[in-house]
Amino acid sequence: SQFHPSAVIERPAARERLTLDDFVADHREHAARGDYDVEVLRSLNAGGTNIVIEARAGSARCAGIYDLHDGRIAGAVEYWVPPAETG
């Protein structure tokens with residue numbers, strides 16, 4: 001209900017362009033495996049129709065820019081930084 005049915009989510013670093021169905025399936029897959037829970041750390045209203053967030057999913061981090069139309073997410077660009085390797 002937070003997304004327009006035609007929403008597109010881009011992840012440039014991964015060269016992904018996800019439809020809403022793909023985006024939801026991706027998050028369900030990670031949740032089913034117990035990979036992570038997404039935690040929004042900060043959000044900033046950047047002018048009424050744009051929201052910027054910082055989030056964490058496990059030890060991965062994300063900065064996302066979300067375009068709103070009629071109060072719902074119509075598009076997004078997410079920049080993910082994978083967890084740092086240890087060793």
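Counting begins at 1 with the first residue of the sequence. A quick note: this is a predicted structure, and the numbers were derived from the prediction, not measured.
- Connection of Ile53 to Phe23 is established within a shared hydrophobic cluster, with ILVMFWY side chains joined at heavy-atom distances below 4.5 Å, either directly or through further cluster members.
- Within the model, atoms CD of Glu29 and CG of Asp22 stand 11.0 Å from one another, a figure rounded to the nearest 0.5 Å.
- Residues Val52 and Tyr66 fail the side-chain proximity criterion, which asks for heavy atoms closer than 4.5 Å.
- The distance from atom CD of Glu39 to atom CD of Glu54, rounded to the nearest 0.5 Å, is 9.5 Å.
- Note that CG of Asp26 and OG1 of Thr19 are 10.5 Å apart. Values are rounded to the nearest 0.5 Å.
- Residues His4 and Ile73 are not in side-chain contact: their nearest non-hydrogen atoms beyond the backbone lie 4.5 Å or more apart.
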Practice task
Take Thr49 and His69 through the test side chain to side chain contact (heavy atoms under 4.5 Å, CB included) and record every step on the way to the result.
Solution key: CA-CA 7 Å; Thr49 60; His69 295 279; 5.8 Å; no

**Asked** So Val77 and Tyr79, side chain to side chain contact (heavy atoms under 4.5 Å, CB included) or not? Walk me through it.
**Response** CA-CA 7 Å; Val77 179; Tyr79 298 95; 3.3 Å; yes

Could you check Ile51 against Leu68 for side chain to side chain contact (heavy atoms under 4.5 Å, CB included), going step by step and ending with a plain yes or no? CA-CA 8 Å; Ile51 301 292; Leu68 305 179; 3.5 Å; yes

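- Side-chain contact between Arg61 and Trp80: absent, with no pair of heavy atoms (C-beta onward) separated by less than 4.5 Å.
- Contact check for Glu78 versus Leu18: no side-chain heavy atoms found under the 4.5 Å cut-off.
- The local environment of CD in Gln2 is sparse, with at most 12 non-hydrogen atoms from other residues, nucleotides or ligands closer than 6.0 Å.
- A salt bridge does not link Arg72 with Asp67: every distance from a Lys NZ or Arg NE/NH1/NH2 to an Asp or Glu carboxylate oxygen is 4.0 Å or more.
- By the neighbour-count criterion of 12 heavy atoms within 6.0 Å, atom CZ of Arg33 is densely surrounded, having more than that number from other residues, nucleotides or ligands.
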